[in-house]
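First the structure, in the form of structure tokens, and then the observations on it.
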Amino acid sequence: MKAAICQPQMGKEALLGLLSAKSEGERAFVFDAAREARHRAFGNKVFLYGFLYLSTHCRNDCAFCQYRRSNSSLERYRKPLGEMLEAAGRLAADGVHLLDLTLGEDPYYVEPAGFHRLLELVSALKETTGLPIMVSPGVLSAEQLVRLREAGADWYACYQETHNRDLFTRLRLEQDYDRRKRTRLEAAGCGLLAEDGLLTGVGESAEDLADSILDMAREPLDQVRAMSYVPHESTFPSTAGDTLEERRAHELLAIAAMRLVMEDRLIPASLDVDGLEGLAMRLKAGANVVTSIVPSGCGLAGVASKDLDIENQRRSVAAVVRQLGVLGLEPALPGEYRAWVEQ
Ligand code: MD0
Ligand code: SF4
């Protein structure tokens with residue numbers, strides 16, 4: 001845990017006020033304050049994360065996810081080690097600061113008999129690129145977390161999606177709320193940096209978001225995120241507003257509110273929701289990390305948006321850096337991210 005645990009805490013009422021901002025003017029006020037807070041903590045520097053979706057097989061059946069087990073219309077893949085190393089090498093050469101190795105809860109990698117495969121991959125990625133590694137493999141045992149750390153993983157990401165237990169049971173079907181939360185806390189306890197995340201546009205109230213953000217602020221998390229739900233044929237229809245702006249409102253306000261409550265934690269703007277086009281609005285809301293940079297030509301997928309902007313190279317470091325420039329931001333130097341991770 002890098003950030004100061006005791007941030008000056010905003011009360012729930014004030015937070016609820018921010019998250020309920022309706023008019024353009026009110027929202028602009030919230031985003032301006034969030035950018036000021038980001039500037040105090042990180043100046044104009046932004047971190048860039050490369051994304052490697054190793055396996056799209058999954059034993060879970062999350063209602064919001066196209067990779068859910070019951071989606072039989074999906075063509076799935078499991079990438080061989082050599083291809084992952086090649087893709088990672090390209091991301092490293094392009095200048096990402098971290099590699100995010102993500103997978104569905106694929107028994108081939110996460111069940112005890114196959115877990116060594118994931119460890120080997122983490123070690124190989126670390127050795128060949130020298131970059132910090134984040135792993136997003138779903139729920140693991142305490143012992144598996146220790147072994148991940150020993151294999152060279154720096155980060156463990158596992159998203160609760162919501163801290164409303166009722167909504168959780170409708171999103172992460174047949175999964176245990178407490179076990180998921182406990183895994184993240186155990187990861188932090190064994191020296192991994194930890195990330196939690198929210199899914200917005202799934203019928204949550206502003207009060208749910210406020211509760212989530214306050215919960216996150218109390219936990220030993222180093223990165224916190226919000227991402228809008230992207231509906232698919234195999235998942236439920238969106239409950240959020242009609243216009244793109246309305247559908248993204250909760251995500252953008254949550255990013256800003258997280259920044260105001262947890263000024264010095266890392267907060268992503270993901271390319272996985274709206275591709276490059278959605279980057280500026282997320283950075284303007286106070287995000288300081290760009291995630292889901294995916295190399296083209298490797299047959300790798302995104303999570304929320306499977307193909308969007310990958311093959312046309314709009315999820316590349318070059319495209320992102322151009323956007324940063326327009327906003328008066330710049331990528332951090334490699335040493336600056338490493339120093340943050342190692343501090
Ligand atoms: C992203 N699709 O960054 C990825 C993913 C997992 N650590 C991250 C949700 O948007
Ligand atoms: Fe599996 Fe993750 Fe999708 Fe849930 S969100 S179905 S755990 S890939």
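Atoms within a ligand are numbered from 1 in the order they appear, just like the ligands themselves. In this text, all values refer to a predicted model and were calculated from it rather than measured experimentally.
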### Query
Which of the atoms of ligand 1 are close to Arg225, meaning less than 4.0 Å from one of its heavy atoms?
1 (C), 3 (O), 8 (C), 9 (C), 10 (O)

### Task
Mind checking whether Arg172 contacts ligand 2 via backbone (N, CA, C, O), side chain (CB onward), both or neither, at a 4.0 Å heavy-atom cut-off?
side chain

### Query
Is any side-chain N of the basic residue among Asp176 and Arg182 closer than 4.0 Å to the acidic one's carboxylate O?
no

### atom 3 (O) of ligand 1: the protein heavy-atom neighbour that sits closest, reported with distance to 0.1 Å
Thr291 OG1, 2.9 Å

#### Entry: Atom indices of ligand 1 within 4.0 angstrom of Asp272 heavy atoms, with elements
2 (N), 10 (O)

## Note on the structure
Under 4.0 Å between heavy atoms, the region of Tyr159 that gets near ligand 1 turns out to be side chain

### Task
Would you mind listing which atoms of ligand 2 come within a distance below 4.0 Å of any non-hydrogen atom of Cys65?
3 (Fe), 5 (S), 6 (S), 8 (S)

### Query
For atom 1 (Fe) of ligand 2, does an N/O/S atom of Cys58 lie at less than 2.8 Å?
yes

### Message
Can you name the atoms of ligand 1, numbered from 1 with element, that are less than 4.0 Å from a heavy atom of Met227?
### Response
9 (C), 10 (O)

### Task
Just jot down the ligand 1 atoms closer than 4.0 angstrom to any heavy atom of Val303, in number order.
2 (N)

### Task
Indicate, as side chain, backbone, both or neither, the part of Tyr53 found under 4.0 angstrom from ligand 1 when only non-hydrogen atoms are considered.
neither

#### Entry: Glu263 with Arg38: basic N within carboxylate O range, under 4.0 Å
no

### Message
If the cut-off is 4.0 Å to any non-hydrogen atom of Cys62, which atoms of ligand 2 fall inside it?
### Response
4 (Fe), 5 (S), 6 (S), 7 (S)

### Message
Taking 4.0 angstrom as the limit and counting only heavy atoms of Ser292, give me the atoms of ligand 1 inside it, by number and element.
### Response
1 (C), 2 (N), 3 (O), 4 (C), 10 (O)

### Query
Which residue owns the protein heavy atom closest to atom 5 (C) of ligand 1, what's the atom, and how far is it?
Phe51 CE1, 3.8 Å

### Query
With atoms numbered from 1 as shown, which atoms in ligand 2 lie under 4.0 angstrom from a non-hydrogen atom of Gly104?
8 (S)

### Message
Taking the ring centre of each residue, are Phe168 and Tyr177 less than 6.0 Å apart?
### Response
yes

### Task
Please could you name the atoms of ligand 1 that Thr102 approaches to less than 4.0 Å, counting only its heavy atoms?
6 (C), 7 (N)

### Task
Enumerate the atoms of ligand 2 whose separation from the nearest heavy atom of Arg68 is less than 4.0 angstrom.
6 (S)

#### Entry: Carboxylate-amine/guanidinium proximity below 4.0 Å for Glu195 and Arg184
no

### Summary
ligand 2 to Asn60, heavy atom cutoff 4.0 Å, flagged ligand atoms 6 (S), 7 (S)

#### Entry: Check: Ser136 N/O within less than 3.5 Å of ligand 1 N/O
yes

### Task
May I ask you to establish whether Lys45 and Phe47 are in a cation-pi arrangement, using a distance under 6.0 Å from NZ or CZ to the six-membered ring centre and at most 45° from the ring axis?
no

### Task
Taking only heavy atoms of Phe64 into account, list the atoms of ligand 2 that are under 4.0 Å away from them.
5 (S)

### Task
Look at Glu246 together with Arg27 and state whether they make a salt bridge at an N to O cut-off of under 4.0 Å.
yes

### Query
If every non-hydrogen atom of Glu311 is compared with every non-hydrogen atom of Gly299, which pair is closest and at what distance?
OE2-N, 4.5 Å

### Message
Against the six-membered ring of Tyr108, is Arg117 placed for a cation-pi contact (under 6.0 Å from the centre, within 45° of the normal)?
### Response
yes

## Note on the structure
Ranked by distance from atom 10 (O) of ligand 1, the top protein heavy atom is Ser270 OG, 2.5 Å

### Message
Tell me whether Asp154 is salt-bridged to Lys126, with the criterion being a basic N under 4.0 Å from an acidic carboxylate O.
### Response
yes

#### Entry: Short N-O contact, Arg68 and Asp61, less than 4.0 angstrom
yes

### Query
Should the proximity of Gln223 to ligand 1, defined as any heavy atom under 4.0 Å, be assigned to the side chain, the backbone, both, or neither?
neither

### Message
What I want to find out is whether Arg78 reaches Asp106 closely enough, with some N-O distance under 4.0 Å, to be called a salt bridge.
### Response
yes

### Query
Is it true that Lys181 and Asp178 make a salt bridge, defined as a side-chain N closer than 4.0 Å to a carboxylate O?
no

#### Entry: Any donor-acceptor N/O pair, His57 side chain to Pro107 backbone, under 3.5 Å
no

### Summary
If you scan protein heavy atoms around atom 7 (N) of ligand 1, the nearest is Asp100 OD2, 2.6 Å

